[in-house]
Colleague: 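Supplied in structure tokens, the structure appears directly below.
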Amino acid sequence: MASAPPDRPTAARELARRSLVVLAVAAAAQYFVWRIVDTSPADGAYWFYVLFLVAEIVGVTEVLLFFLTTWRRRERTPRPAPAGKTVDVFIPTYNEPTALLRDTAVAARAMRYPHRTWLLDDGDRLEVAALAAELGCEYLARADRRHAKAGNLNHALAHSTADFVVTLDADHVPMPDLIEQLLGFFDDPKVALVQTNQDFFNLDSFQHATDWETATAWQQQELFFNVIQPGKDALGAAMYCGSPAMIRRRALDDVGGFATETITEDMHTGLRMQQRGWEVVYYNRSVARGLAPQTYLAYNTQWHRWGQGAMQVLRVENPLVRGTLTFGQRLAYFASFFFYWTSYQKLVFLLIPAFSVLTGIFPFVAEPRAYLLRFVPYLAGTLAATLYAQGGLRAFVNTERYNLIKLGAMLRSVSGLFTRRATFRVTPKARGAGAGWIRLLPYMALLALLATASITGFTRAVMLGGGFASWAFAVNGIFAAYFLYLLAPAVFLAMRRRELRVAYRFPRQLDTPVRYRLPGGTDVSWAVSFGRNMNRFGLSITLDTPMPVGSSLELMIELPGREIRTTASVRWVRSFPVGDHTRHAHGLRFEHISVADQDAIVLYLLWDVAPRHGRMLTMTDRSQETTERVA
């Protein structure tokens with residue numbers, strides 16, 4: 001038996017976290033009692049008083065739901081994988097680049113446990129059929145694309161007889177032991193599905209905040225998969241998120257296959273299994289890594305689909321009152337649905353400081369000292385408990401920042417509650433431009449309003465020199481400045497962040513020795529550098545002396561257990577200062593390299609480099625076991 005890993009929650013840490021939650025709830029209670037009993041609306045502005053109070057209640061409800069659903073978190077330990085089970089790996093695809101799909105298929109084929117890999121091509125592309133034949137994968141295409149991804153998966157089920165199915169997105173590259181880690185959970189006959197952590201290898205994506213110098217990183221979905229999902233699992237309401245996951249075929253048959261009534265077939269299918277008494281397990285481990293949205297437009301597309309699909313599930317299933325779910329399960333699903341509705345509350349909070357400063361109408365009237373005595377403990381208690389759960393101030397600020405930049409997608413997604421038909425839009429995985437200012441015009445208008453409110457609020461507070469109006473203008477100016485601080489960097493990132501490559505390249509130095517020489521050189525003419533920006537098509541090396549664009553080189557790339565020899569051409573040169581001298585980065589494109597060597601590079605990057613880089617994600621790294629896994 002492996003000893004308990006040092007980073008798993010200890011009894012002392014859990015006691016501290018829960019104590020902070022209790023104090024935060026007590027502080028919130030005293031604040032809202034005071035707000036309702038002792039504050040009053042401004043003259044003629046009762047509507048404003050009610051609007052702001054409702055917005056505050058919605059906000060604190062979101063926080064309370066977070067505390068409730070994460071009060072207890074379940075940590076799963078895998079069991080040994082039983083031998084002799086049949087497993088099919090489904091990789092649905094529509095229009096993803098073939099190079100990206102190849103990376104996933106190569107890694108899926110290389111998983112250790114016996115299985116079959118299926119490429120499910122809703123694009124009906126000859127190149128994907130050829131890829132499947134080359135790699136020894138099963139290939140399926142449909143004459144019609146009815147029900148999008150769910151229809152594609154159901155079509156595959158009709159051709160599959162395996163006991164278990166693994167679902168992988170086209171960009172989600174599995175680790176070699178994925179099946180071995182998950183299969184043992186199904187020794188429990190009640191388990192229908194095992195969902196794992198959705199981790200990503202592109203740490204420079206739009207939804208990441210990575211500091212390569214300090215080797216620290218954060219990504220927007222860490223909170224959900226490392227804190228909220230374990231809490232949902234403890235309530236019996238772990239959510240099926242599509243990829244990467246393993247499903248019992250008999251459970252799929254019991255619910256009629258993958259749900260087709262909504263565009264979030266994963267969440268919908270898992271819910272139906274739970275309604276039928278099956279158990280959905282959450283295993284907090286990175287057993288595969290995908291490609292996070294590289295641009296704001298891709299990120300926005302993804303969140304709009306998730307939100308619209310969640311609202312469709314609420315309309316179709318209404319798990320809050322229908323079915324046989326437990327109270328804890330209903331609470332967990334209510335928290336998930338409620339999250340999208342809080343977008344309206346966030347919009348109200350963004351607009352109120354500007355409205356108050358520009359009109360002189362404030363949401364309520366209170367004596368400043370009484371306000372500070374009630375509000376400061378409420379704010380401090382909520383922040384302390386939230387910061388502790390989210391892993392610190394940086395993670396909290398980033399979470400709030402991304403909640404604001406996806407505000408538009410969340411506001412529009414609520415339409416799924418009323419719209420029966422919605423189009424499944426695949427998240428773009430390749431080249432993409434930054435968001436233009438026209439697309440970001442609503443956010444630009446918000447920034448202008450917040451900047452005006454901040455300056456005007458502080459100016460009028462100083463000019464008035466004291467009294468209720470003075471501190472009211474100051475408070476609104478502070479809140480406007482805070483929202484400006486959160487929103488501005490996210491908007492500027494949305495405009496700047498773009499993706500120029502079809503296939504992702506791993507940035508930074510990879511500690512991969514690369515020998516190079518001019519063609520025809522002797523054995524003693526090899527020079528040594530280190531590769532970076534690597535993928536199956538090329539890499540870059542940094543030298544003291546620049547080489548002309550178009551130059552040819554012979555390369556020896558030293559991977560663990562494999563040496564790759566190839567030729568490459570210099571495609572670009574970029575110079576940059578390092579101290580008192582200049583270095584020169586050279587982008588190289590491979591010219592003569594075998595497909596087998598390209599695949600070896602991919603497996604090295606995704607099975608060796610990606611997990612090492614992933615340790616920079618501190619919340620993910622600390623929440624996952626670091627000791628030896630069960631064999």
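Please read these numbers as outputs of a predicted model, since none were measured by experiment.
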Colleague: Testing the basics here: between Ala150 and Thr260, what is the closest heavy-atom pair and its distance to 0.1 Å?
Modeller: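 Answer, listing the atom of Ala150 first, then Thr260: CB-CG2, 4.0 Å.
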Colleague: Whether the side chain of Arg272 engages the backbone of Val255 through a donor-acceptor N/O pair (distance < 3.5 Å, no angle test) should be reported.
Modeller: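 No, Arg272 side chain to Val255 backbone: no donor-acceptor pair under 3.5 Å.
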Colleague: Please answer whether the main-chain N or O of Asp204 pairs with a side-chain N or O of Asn202 as donor and acceptor at a distance below 3.5 Å.
Modeller: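 No; judged by distance alone, with no hydrogens or angles, the pair does not exist.
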Colleague: Just say parallel, tilted or perpendicular for the rings of Trp306 and Trp303, cut-offs at 30° and 60°.
Modeller: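 Because their plane-to-plane angle is over 60°, the rings of Trp306 and Trp303 count as perpendicular.
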Colleague: On the 0 to 90° scale, with breaks at 30° and 60°, tag the Phe349-Phe483 ring pair as parallel, tilted or perpendicular.
Modeller: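 Phe349 vs Phe483 ring planes: tilted.
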Colleague: Could you tell me whether the side chain of Gln195 and the main chain of Cys241 form a donor-acceptor pair under 3.5 Å?
Modeller: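 Checked: pair present.
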Colleague: Checking the side chain of Thr324 only, and the main-chain atoms of Gln275 only, is there a donor and an acceptor separated by less than 3.5 Å?
Modeller: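 Judged by distance alone, yes, a pair lies under 3.5 Å.
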Colleague: Test your reading of the model: is there a side-chain donor-acceptor pair from Asn154 to the backbone of Phe258, 3.5 Å cut-off?
Modeller: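 The answer is yes, because a donor-acceptor pair under 3.5 Å joins these two groups.
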Colleague: Does the pair Leu157 and Arg249 meet the rule for a side-chain contact (heavy atoms from CB on, under 4.5 Å), with working shown?
Modeller: CA-CA 9 Å; Leu157 282 177; Arg249 172 60 185 262; 3.8 Å; yes
Colleague: Please confirm whether the ring centroid of Tyr402 lies under 6.0 Å from the ring centroid of Phe206.
Modeller: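 Ring centroids of Tyr402 and Phe206 are less than 6.0 Å from each other.
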Colleague: Thinking salt bridges, do Arg289 and Asp199 make one under a 4.0 Å N-O criterion?
Modeller: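 Salt bridge present between Arg289 and Asp199.
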Colleague: Of the options Leu120, Asp169, Asp122, which is the one that meets Lys149 in a side chain to side chain contact (heavy atoms under 4.5 Å, CB included)?
Modeller: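 When Leu120, Asp169, Asp122 are each tested with Lys149, the side chain to side chain contact (heavy atoms under 4.5 Å, CB included) holds only for Asp169.
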Colleague: I'd like to know if the side chain of Glu62 reaches the main chain of Phe339, judged simply by a donor and an acceptor atom lying under 3.5 Å from each other, with no hydrogens or angles considered.
Modeller: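 Judged by distance alone, no pair lies under 3.5 Å.
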Colleague: Test your reading of the model: is there a side-chain donor-acceptor pair from Gln274 to the backbone of Leu325, 3.5 Å cut-off?
Modeller: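 Pair absent, no side-chain N/O of Gln274 close to backbone of Leu325.
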Colleague: Have Thr93 and Arg125 got a donor and an acceptor in their side chains that come within less than 3.5 Å?
Modeller: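 Yes, because at least one side-chain N or O of Thr93 sits under 3.5 Å from a partner of the opposite role on Arg125.
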Colleague: Would you call Arg250 and Asp254 a salt bridge, taking side-chain N to carboxylate O under 4.0 Å as the test?
Modeller: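 Salt bridge absent between Arg250 and Asp254.
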Colleague: Thr269 side chain to Ala259 main-chain N or O, any donor-acceptor pair under 3.5 Å?
Modeller: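 Yes; judged by distance alone, with no hydrogens or angles, the pair exists.
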Colleague: Parallel, tilted or perpendicular for Tyr443 and Tyr296, by the 30°/60° rule?
Modeller: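 The arrangement is perpendicular - the two ring planes meet at more than 60°.
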Colleague: Can you tell me if Gln390 uses its side chain to pair, donor with acceptor, with the backbone of Tyr388 under 3.5 Å?
Modeller: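 Not a single qualifying donor-acceptor pair exists.
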Colleague: Test side chain to side chain donor-acceptor pair (under 3.5 Å) on Glu400 and Tyr482; report intermediate values, then the result.
Modeller: CA-CA 11 Å; Glu400 293 304 304; Tyr482 170 68; 5.1 Å; no
Colleague: Relative to each other, are the rings of Phe201 and Tyr504 parallel, tilted or perpendicular (30° and 60° limits)?
Modeller: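 It falls in the tilted class, 30° to 60°.
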Colleague: With a sphere of 6.0 Å drawn around CZ of Phe492, does it hold more than 12 non-hydrogen atoms of other residues, nucleotides or ligands?
Modeller: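 No - once you tally the heavy atoms of other residues, nucleotides and ligands closer than 6.0 Å, there are 12 at most.
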Colleague: Kindly say whether Ile57 contributes a backbone atom to a donor-acceptor pair with the side chain of Gln345 at under 3.5 angstrom?
Modeller: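 Pair absent, no side-chain N/O of Gln345 close to backbone of Ile57.
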